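What follows is a short report on a single structure.
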Amino acid sequence: MGEYLGADATALAGLVASGEVTAAELLDLARARAAAVNPDLNAIVIPIEAEADHRARTELTGPFAGVPFLIKDLAQDYRGYPTTRGSRSLARHVATEHATVVQRFLDAGLVVFGKTNTPEFGSKAITESDLWGPARNPWNLDVTPGGSSGGSAAAVAAGVVPAAGANDGGGSIRIPAACTGLVGLKASRGLMPFGPATGEPLFGMGVEGVVTRTVRDAAALYDAIIGPTASSTYPAPLHTESFTARIATPPRLLRVGFTTRSAINPAPHPEAVAAVEHAAQLLTELGHHVEEVDPPHDDAELARDFLEIWFAKAAAQVDEARRLSGAGDADFEADTLALAEIGRAAGVVPLFRALDHVNHHVRALERFHDTHDLLLTPTLAVPPPAVGSMTTPPLLQRAARLAARARVGKVMSRVGIVDQLIEENLGWVPYTQLANMTGRPAISVPLHWTGTGLPLGVQFVGRLGADGDLLALAASLEDAAPWFHRYADISV
């Protein structure tokens, strides 16, 4: 087990390829680790047993042949198993085919043996659902691993697997990576495949991906899964050089602008500020040009635009789940019903206004990139919050259900609930939605730990198509300030 915990996915694949270990032996170790830590973490919620055993006994091919792996229980369908999206309404809705990204994971030789915890419809930056209960952070079981890919991040940080499937519609790869000490890349719009059951969600804001402990695993896994399909709505041209080759060469000297300021959270935690200052110092030591800048965009306006799109998506998701399963109000969380009611009552005008505003945010970031290669920010404005600290009180949950049933979404919007949602849900993660709204790539890297021993990642945002540059920079930072040796203190 000690050897297993000390190897990343690339190393494990090498051991299988050389015959030093079998896929079945690795699967046994992954299951043993899961049995030891998952009762505390609640990271894995749906086991995939028979198929995993069959694959582990099969002659597998691909760059990660025989490596154990987990996928997220949201937008990563595995044929014959439910994709609940963290909702009671879909608890028995079984996928009839693999999602495209899951098929690519399988084609890479990975052995998928479970699905990971996610909040209902991935709509929160924490992983706490009525269906599955809260996932917990292996660095401190009292705090969140973030969301919405929190189950995947907790499992990877605890050593169940060296990498796991994730996706990101507003920070859902980068936030949990920052909370748990992992690498999390949100790729450029159109690089990652969706389908075949769904197209790119949120008008291309959502992307598939992974969370990993090492940059080389991130590069190689993205090499294995990137590329649009014939039905992709937002296809992007592929890079001429693989990410694996790209990280072998140190990045050119970069112009990096950093900021910790946010209109949503005007007073980020001192640890978040320290994380960025530490990263800026390290970049300077590596020869990059680093300077403090004003935020390049209006993040308060962006937050409102982001939520208007999310409200509409919530309404559509609730309607879809009702259609698929015949679910009633009791099968949805109160917060979800409230968001869906706001979106339903708002109509199409706010949605299209928010979509029109995307151009404002793209142009603002473009102006920044005229003079700087990368934007550096905290990934989180505060250290990972306590589990349960963001739970809506029971009285307000009852009020939300009544409001949704009474169809008073317009009234809810007028009484300032949108501003309250921005403060409560985005106030601790105000930096991540920019990359989704603009379609730009962004990566969170684990360069900082707080005085209490919690990870607190920093984020880099690049130009469209700069995914390889971000990975190359992350690889150089990993060399300069290694993090793989840091391990969450859960008993082996």
Side-chain angles (χ1 to χ4, degrees), residues 74 85-90 118-126 128-131 147-148 169-172 201-203 205-206 263-265 298-324 327-358 360-361 390-430 432-433 436-437:
L74 174 68
R85 309 181 202 177
S87 177
R88 287 195 184 111
S89 65
L90 295 172
T118 186
E120 187 166 57
F121 300 125
S123 62
K124 294 182 179 179
I126 54 173
E128 301 176 21
S129 71
D130 288 352
L131 174 63
S148 63
S172 291
L202 296 167
F203 306 95
M205 286 165 48
I264 303 172
N265 188 336
D298 183 340
D299 69 330
E301 180 189 47
L302 184 139
R304 293 189 69 87
D305 293 335
F306 177 80
L307 282 183
E308 293 289 5
I309 296 170
W310 205 271
F311 295 152
K313 179 65 173 176
Q317 287 178 316
V318 168
D319 286 349
E320 180 191 20
R322 292 185 194 276
R323 177 181 59 81
L324 290 173
D329 283 359
D331 297 309
F332 299 96
E333 295 176 16
D335 293 354
T336 298
L337 291 175
L339 295 180
E341 170 55 19
I342 293 172
R344 186 202 63 79
V348 299
V349 173
L351 171 63
F352 278 92
R353 182 172 57 238
L355 291 172
D356 284 342
H357 286 175
V358 168
H360 301 172
H361 309 307
M390 296 186 183
T391 300
T392 303
L395 182 61
L396 289 181
Q397 288 192 39
R398 289 195 293 272
R401 289 187 180 278
L402 289 172
R405 193 175 304 130
R407 293 289 189 259
V408 292
K410 290 185 178 179
V411 175
M412 295 165 71
S413 296
R414 292 191 191 113
V415 297
I417 195 170
V418 175
D419 293 329
Q420 181 181 348
L421 288 168
I422 289 173
E423 180 179 346
E424 292 179 356
N425 291 285
L426 302 183
W428 74 286
V429 288
T432 56
Q433 296 80 41
N436 299 89
M437 289 285 284

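From a predicted model like this one, the values you see are computed outputs, not experimental measurements.
Across I422 and A303, no two heavy atoms sit closer than the pair CG2-CB, 4.1 Å. Listed here is the closest heavy atom pair of A400 and A334: CB-O, 3.9 Å. Minimum interatomic distance between V318 and A340 (heavy atoms only, all atoms of both residues): CG2-CB, 3.8 Å. Nearest heavy-atom pair, G169 versus L202, reported as atom, atom and distance to 0.1 Å: O-CD1, 4.0 Å. Closest non-hydrogen pair, G427 versus I264, comes out as CA-CG2, 3.9 Å. The two residues G170 and T432 make their nearest non-hydrogen contact at O-OG1, 2.7 Å.
A donor atom on one side chain and an acceptor atom on the other are found under 3.5 Å apart for D305 and H361.
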Audit row: F121, W310, side-chain contact (heavy atoms from CB on, under 4.5 Å) steps and yes/no: CA-CA 11 Å; F121 300 125; W310 205 271; over 6 Å; no

Stepwise side-chain contact (heavy atoms from CB on, under 4.5 Å) check, K313 with M205: CA-CA 12 Å; K313 179 65 173 176; M205 286 165 48; over 6 Å; no

Test log, rule side-chain contact (heavy atoms from CB on, under 4.5 Å), inputs F203 and L351: CA-CA 11 Å; F203 306 95; L351 171 63; 4.1 Å; yes

Residues Q397, T391; criterion side-chain contact (heavy atoms from CB on, under 4.5 Å); working and verdict: CA-CA 9 Å; Q397 288 192 39; T391 300; 4.1 Å; yes

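Remark: R304 does not engage E301 in a salt bridge, criterion side-chain N to carboxylate O under 4.0 Å.
Under a 3.5 Å cut-off, the side chain of E424 and the backbone N or O of M390 do not form any donor-acceptor pair. Formation of a donor-acceptor pair under 3.5 Å by the D299 side chain with backbone atoms of A263 is found in this model. Between the T118 side chain and the S148 main chain, a donor and an acceptor come within less than 3.5 Å of each other. A donor-acceptor pair under 3.5 Å is absent between the side-chain atoms of D319 and the main chain of A316, judged by distance alone.
Between R407 and R344, some side-chain heavy-atom pair lies under the 4.5 Å cut-off. No side-chain heavy atom of L307 sits under 4.5 Å from any side-chain heavy atom of N425.
With rounding to the nearest 0.5 angstrom, the CG atom of L302 is 11.5 Å from the NE2 atom of H360. Taking CD of Q317 as the start and CZ of R85 as the end, the distance is 6.5 Å to the nearest 0.5 Å. Residue F311 holds its CZ atom at 4.5 Å from CD1 of I342, rounded to the nearest 0.5 Å.
Within a 6.0 Å sphere centred on CD of E423, heavy atoms belonging to other residues, nucleotides or ligands number 12 at most.
Considering only residues two or more places apart in sequence or on other chains, E333 meets the side chain to side chain contact (heavy atoms under 4.5 Å, CB included) condition with E120, K124, S129, D130, T336.
Screening R398, R88, R322 for a salt bridge (charged side-chain N to carboxylate O under 4.0 Å, His left out) involving D329 leaves a single residue, R322.
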